[in-house]
Amino acid sequence: MVRVEFLGPIQKKPLELDITNLNELAKILQEDKEMQQWLENSAVAVNDTLVSSRDIALKDGDRVALLPPVCGG
């Protein structure tokens with residue numbers, strides 16, 4: 001199982017999913033209307049390392065985090 005965490009203003013509880021890559025995660029999250037806007041703008045980290053490809057292989061115990069853009073003042 002892969003743990004998916006949503007950081008910052010994304011108000012969603014972590015998910016435990018049986019997925020093998022980020023493409024599968026994207027398909028699952030695109031079905032959620034609230035998540036669609038975040039998917040376009042969020043960075044993704046796998047085990048605390050930012051990634052830019054959805055083809056990253058995931059294995060049991062991996063942690064994926066969605067990091068939305070932040071503004072500060």
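Counting from 1, the numbers follow the sequence of the chain as shown. Quantities reported herein were computed from a predicted structural model and do not represent experimental measurements. Atoms considered below: every heavy atom in the structure, side chains included; atoms not considered: hydrogens, waters and symmetry mates.
With contacts defined as side-chain heavy-atom distances shorter than 4.5 Å, the pair Leu29/Leu39 qualifies. Using a 4.5 Å heavy-atom threshold, the side chains of Phe6 and Gln11 count as separate. Between Leu66 and Met35, the closest side-chain pair of non-hydrogen atoms falls below 4.5 Å. Contact of the Pro9 side chain with the Trp38 side chain is registered, since non-hydrogen atoms from C-beta on lie closer than 4.5 Å. Using a 4.5 Å cut-off on side-chain heavy atoms (C-beta onward), Asp60 and Val2 make no contact.
Formation of a donor-acceptor pair under 3.5 Å by the Asn21 side chain with backbone atoms of Asp55 is not found in this model. With Gln36 contributing its side chain and Gln30 its backbone, the two residues share a donor-acceptor pair below 3.5 Å. A side-chain donor-acceptor contact under 3.5 Å links Asp62 to the backbone of Lys59. Between the side chain of Asn23 and the backbone N or O of Ala26 there is no donor-acceptor pair closer than 3.5 Å.
If you chain together ILVMFWY residues whose side-chain heavy atoms come under 4.5 Å of each other, Leu67 ends up grouped with Leu7, Leu50.
Rounded to the nearest 0.5 angstrom, Asp32 CG and Gln37 CD are separated by 10.0 Å.
Note on Ile56 and Ile28: same hydrophobic cluster, where clusters join Ile, Leu, Val, Met, Phe, Trp and Tyr whose side-chain heavy atoms are under 4.5 Å apart, directly or indirectly.
More than 12 non-hydrogen atoms from other residues, nucleotides or ligands lie less than 6.0 angstrom from CZ of Arg3.
Between Val51 and Val46, the shortest heavy-atom distance links the atoms CG2-CG2, 4.0 Å. Heavy atoms only, all atoms of each residue included: Ile10 and Ser42 are closest at CD1-OG, 4.3 Å.
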Salt bridge (Lys or Arg N to Asp or Glu O under 4.0 Å), that's the test. Do Glu34 and Lys12 meet it? Break it down for me. CA-CA 9 Å; Glu34 289 180 34; Lys12 190 166 182 67; over 6 Å; no
